[in-house]
Protein chains: 2
Amino acid sequence: MRTTKQRKLVLEIINNSHDHLNAEDIYYECRKKLPNISLGTVYRILNQLSERQMIKRLKFESYDCFDSMKRQHSHFYCVKCHHIYDIFDELINVDKIKVPGKINDYDVKFVGTCDVCLNKKED
Amino acid sequence: MRTTKQRKLVLEIINNSHDHLNAEDIYYECRKKLPNISLGTVYRILNQLSERQMIKRLKFESYDCFDSMKRQHSHFYCVKCHHIYDIFDELINVDKIKVPGKINDYDVKFVGTCDVCLNKKED
DNA sequence: CTCCTTATTAGTAATGATTACTAAATATAG
DNA sequence: CTATATTTAGTAATCATTACTAATAAGGAG
């Protein structure tokens, strides 16, 4: 895998973001520094980086989001406001899980209604 | 929500299946009994049922799969053969998890290479 | 440093899963 | 049984993602 300015930029954007960016978000961020980068390039880089486990692909809505690999965490998705909250509690001891194979990665996702939206409803 | 033969059939198919069927799979199953059912109807019913938490929507590949609600379980996805294994160990005590809201549902997904594919590789 | 090979890119077209739309059909409350 | 609102089949449209191609650029060998 060659070091290109496009790939470095995509990785940098993901590693420096605390949000859950999708391909389009990352594309627009990229264009601030590389105005000619193409969306296809962003998609290809995202695929390469997640295959090599340099970033994490998340499936929440109709599109995929991407997270840095910095720290394992879970997610709580609010069905009302569609916000994704990071949950940093250690939930699973992966070494103890018995699966019929070798685990590369795992993902814990909670779905529900966040406190902000619950409070709105009670008005 | 009215009781229609289409909706009853979709729910029945999901509840009686041990696989992880996608919309197209369910559509073809449906057509065995209702040859005129349309794919759009299947999609609409799948959305209604999962919104009402009568079935569970799973996001693994480029398309969504659907599971019955019968028994909470996790999944192990093999990146080589794309098979989805059910994991029935209790991994998480949901009551103890602190999230900023009310949890309706959760999902634990492991990704890696299954034993079958690991053994193939070693030949 | 220069050349050469091969990966990568920008731009665009194509794909595939899902949703939107509409007139006709059907469930169910009264 | 009748009226009304929901649901349906069939089709067109949408949206995220992938495929394709000629041009560009990374980086190893000389």
Side-chain angles (χ1 to χ4, degrees), chain A residues 1-14 17 19-52 54-67 77 79 82 84 107 109 111, chain B residues 1-14 17 19-52 54-67 77 79 82 84 107 109 111:
Chain A
M1 198 163 60
R2 290 183 181 169
T3 308
T4 63
K5 54 185 188 296
Q6 290 87 346
R7 186 154 17 230
K8 273 162 69 182
L9 180 58
V10 168
L11 191 55
E12 189 186 305
I13 286 167
I14 293 169
S17 167
D19 299 322
H20 304 87
L21 304 175
N22 62 33
E24 198 92 3
D25 296 332
I26 293 164
Y27 172 59
Y28 283 112
E29 276 303 309
C30 282
R31 293 198 4 153
K32 292 177 184 170
K33 288 196 174 174
L34 297 176
N36 287 326
I37 195 170
S38 90
L39 185 55
T41 298
V42 172
Y43 271 104
R44 190 172 23 73
I45 290 172
L46 290 171
N47 284 337
Q48 293 170 331
L49 293 177
S50 56
E51 271 166 27
R52 282 156 224 255
M54 297 169 73
I55 60 173
K56 191 159 182 166
R57 180 190 297 270
L58 302 173
K59 292 183 171 292
F60 273 96
E61 320 207 28
S62 52
Y63 46 80
D64 292 355
C65 296
F66 297 87
D67 251 20
Y77 174 71
V79 294
H82 310 291
I84 298 169
D107 203 18
K109 171 168 68 173
V111 179
Chain B
M1 197 163 61
R2 290 183 180 169
T3 308
T4 64
K5 54 184 187 298
Q6 291 86 346
R7 185 165 303 135
K8 273 162 68 182
L9 181 56
V10 168
L11 192 55
E12 190 186 304
I13 286 168
I14 293 170
S17 168
D19 300 321
H20 304 87
L21 305 175
N22 61 33
E24 198 93 1
D25 296 333
I26 293 164
Y27 172 59
Y28 282 112
E29 277 302 307
C30 281
R31 295 202 355 159
K32 292 178 184 171
K33 289 195 174 174
L34 297 176
N36 288 326
I37 196 170
S38 89
L39 184 56
T41 298
V42 172
Y43 271 104
R44 189 172 23 73
I45 290 173
L46 290 171
N47 284 337
Q48 292 171 332
L49 293 177
S50 56
E51 270 165 28
R52 282 155 225 256
M54 298 169 72
I55 59 173
K56 190 160 182 166
R57 180 188 296 267
L58 302 172
K59 292 182 169 294
F60 274 96
E61 320 206 30
S62 51
Y63 45 81
D64 291 356
C65 296
F66 296 88
D67 251 19
Y77 174 71
V79 292
H82 310 290
I84 298 168
D107 203 18
K109 173 169 65 173
V111 178

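All chains are named by letter (A, B, ...) in the order of the sequence lines, taking the proteins before the strands, and each is independently numbered beginning at 1.
- Atom pair A/Gln48:CD and D/dT17:P shows a separation of 16 Å (rounding to whole Å applied).
- Side-chain contact between A/Leu39 and A/Glu24 is present, with heavy atoms from C-beta onward closer than 4.5 Å.
- Applying the 4.0 Å criterion to OP1 and OP2 of D/dT18, one finds that A/Asn47 has a side-chain N or O inside that range.
- A heavy-atom distance below 4.5 Å is not found between the side chains of B/Leu21 and B/Phe66.
- When all heavy atoms of A/His20 and A/Cys65 are compared, the pair lying nearest together is O-SG, 3.5 Å.
- Among the nucleotides D/dT7, D/dA16, D/dA9, the one closest to any side-chain atom of B/Ser38 is D/dA9.
- B/Leu49 has its CG atom 17 Å from the P atom of D/dT6, to the nearest Å.
- One interatomic measurement links the two molecules: CG of B/Asp64 to C1' of D/dT17, which rounds to 15 Å at whole-angstrom precision.
- Residue pairs satisfying the side chain to side chain donor-acceptor pair (under 3.5 Å) criterion with at least one member in residues 1-10 of chain A, sequence neighbours excluded, are listed as follows: A/Arg7-A/Gln48.
- Comparing A/Gly40 and B/Leu39 by the nucleotide of DNA chain C whose heavy atom lies nearest to each, the residue mapping closer to the 5' end is A/Gly40.
- Counting only heavy atoms from C-beta outward, the side chains of A/Phe60 and A/His82 never approach each other to under 4.5 Å.
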Contact letters for nucleotides 22-30 of chain D, in which S counts primed atoms plus P, OP1 and OP2 and B counts the base, heavy atoms under 4.0 Å: ---BBS---

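- Within the 4.5 Å cutoff, the side chain of B/Leu46 has heavy atoms near those of the B/Ile14 side chain.
- With distances taken from any side-chain atom of A/Ala23 to the nucleotides D/dT17, D/dT7, D/dA9, the minimum falls on D/dT17.
- Residue B/Glu24 is out of contact with every strand shown, counting any heavy-atom pair closer than 4.0 Å.
- For DNA chain C, the contact window with chain B, defined by any atom under 4.0 Å from a protein heavy atom, covers C/dA17 to C/dT28 in 5' to 3' order.
- With hydrogens and angles disregarded, no donor-acceptor distance shorter than 3.5 Å links the side chain of A/Lys56 to the backbone of A/Asp107.
- A straight line from CD of B/Glu61 to P of D/dT17 spans 15 Å, rounded to a whole angstrom.
- Listed for the A/Lys109 side chain is a donor-acceptor partner under 3.5 Å among the backbone atoms of A/Lys59.
- Atom C1' of nucleotide D/dT7 and atom CG of B/Asn36 are separated by 15 Å, given to the nearest angstrom.
- Across the protein-nucleic acid pair, A/Arg57 atom CZ and D/dA16 atom P stand 15 Å apart, rounded to whole Å.
- A 4.5 Å side-chain heavy-atom check between A/Asn47 and A/Arg44 finds every atom pair outside the cut-off.
- Using a 4.0 Å heavy-atom criterion, one finds that A/Asn22 contacts no nucleic acid atom at all.
- Among the protein residues, B/Tyr43 comes within range of the nucleic acid bases, having at least one heavy atom under 4.0 Å from a base atom.
- As judged by a 4.0 angstrom heavy-atom cut-off over every strand, B/Arg44 is placed among the base-contacting residues.
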